[in-house]
Amino acid sequence: MKEQQDALEILEKLRAELDNGHGFFSKKPDLDLCMDLCDRLTEILPEYIKEANEIKEKRKDILSNADVVAKNTIRAAEEKANKLVSESEIVRSAQVASKQIIENAYAQCDNLILRTKAHLDNLFKETENFLCSTLSVVRTNREELRAALTDGNGGN
């Protein structure tokens with residue numbers, strides 16, 4: 001979160017420096033400062049990419065764990081169902097209960113997997129939105145810098 005704030009602060013400083021170059025009486029942007037700010041962004045952005053890759057890797061683990069939990073739940077439900085069936089006095093009710101337990105286990109398994117996928121999709125969406133937003137700001141700043149450089153060279 002701090003890196004995100006740092007990146008946004010750097011982008012704001014870069015934008016402010018480039019905005020100072022507009023107008024007849026304005027000063028030219030400090031190119032060294034602009035380059036320094038771009039270098040700082042270059043240091044920070046790989047962390048976001050690394051985090052996105054870590055989230056992608058965690059997704060595999062989460063889905064794998066969800067599958068294990070689901071299988072364990074199903075196995076436990078089936079074991080419980082088998083135990084109920086084996087008791088002679090309640091065979092009929094055990095069959096009904098075991099079927100319901102297994103259906104509930106499958107429903108819980110499906111629900112857990114859907115929630116996990118939705119959560120991961122949301123994490124990827126947030127990461128994608130942030131990276132797109134950051135890329136858009138960097139692109140805009142580069143275009144403004146190029147325009148300022150072109151304006152500055154045209155007046156010489």
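The model shown is predicted, which means the values in this text are computed figures rather than measured ones.
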S.K.: In a table with atom names and distances, give each donor-acceptor pair under 3.5 Å that connects a side chain of residues 110-124 to protein atoms at least two apart or in another chain.
M.R.:
residue	atom	partner	partner atom	Å
Thr116	OG1	Leu112	O	2.8
Asn122	ND2	Glu126	OE2	3.3

S.K.: Side chains of Asn104 and Gln100 only: does a donor on one sit below 3.5 Å from an acceptor on the other?
M.R.: yes
S.K.: Determine, using the 4.5 Å side-chain heavy-atom cutoff (strictly less than), whether Leu33 and Leu14 are members of one ILVMFWY cluster.
M.R.: yes
S.K.: Nearest 0.5 Å, please: how far is CG in Leu31 from SG in Cys38?
M.R.: 10.0 Å
S.K.: Flag the pair Leu18 / Cys34 as yes when at least one side-chain heavy-atom distance between them is below 4.5 Å, and no otherwise.
M.R.: yes
S.K.: Distance-only criterion, 3.5 Å: show the donor-acceptor pairs between side-chain atoms of residues 58-65 and protein atoms not counting sequence neighbours.
M.R.:
residue	atom	partner	partner atom	Å
Asn65	ND2	Asp61	O	3.3

S.K.: Hey, any chance Leu45 and Ile10 share a hydrophobic cluster, counting ILVMFWY side chains that come within less than 4.5 Å of each other, even indirectly?
M.R.: yes
S.K.: When rounded to the nearest 0.5 angstrom, what is the spacing between CD in Glu57 and CD1 in Ile55?
M.R.: 11.5 Å
S.K.: Is Lys13 close to Glu17 at the side-chain level, that is, under 4.5 Å between some pair of heavy atoms?
M.R.: no
S.K.: CG/Leu11 to CG/Asp6 distance, rounded to the nearest 0.5 angstrom?
M.R.: 11.0 Å
S.K.: Distance-only check: which donor-acceptor pairs under 3.5 Å involve side-chain atoms of residues 128-138, not counting sequence neighbours?
M.R.:
residue	atom	partner	partner atom	Å
Asn129	ND2	Lys125	O	3.4
Thr134	OG1	Phe130	O	2.9

S.K.: Give the cluster check for Met35 versus Leu149: same hydrophobic cluster or not, with ILVMFWY residues linked at side-chain heavy-atom distances below 4.5 Å.
M.R.: no
S.K.: Let me see the working for Asp36 and Arg40 under side chain to side chain contact (heavy atoms under 4.5 Å, CB included), right down to the final yes or no.
M.R.: CA-CA 6 Å; Asp36 181 55; Arg40 289 174 56 196; 3.9 Å; yes
S.K.: First locate atom OG1 of Thr150, then atom CG of Leu145, and finally report the distance between them rounded to the nearest 0.5 Å.
M.R.: 9.0 Å
S.K.: Do any N or O atoms from the side chain of Glu144 and from the backbone of Arg15 form a donor-acceptor pair under 3.5 angstrom?
M.R.: no
S.K.: Indicate the atoms forming the closest heavy-atom contact of Ala7 with Leu41, along with that distance.
M.R.: O-CD2, 3.8 Å
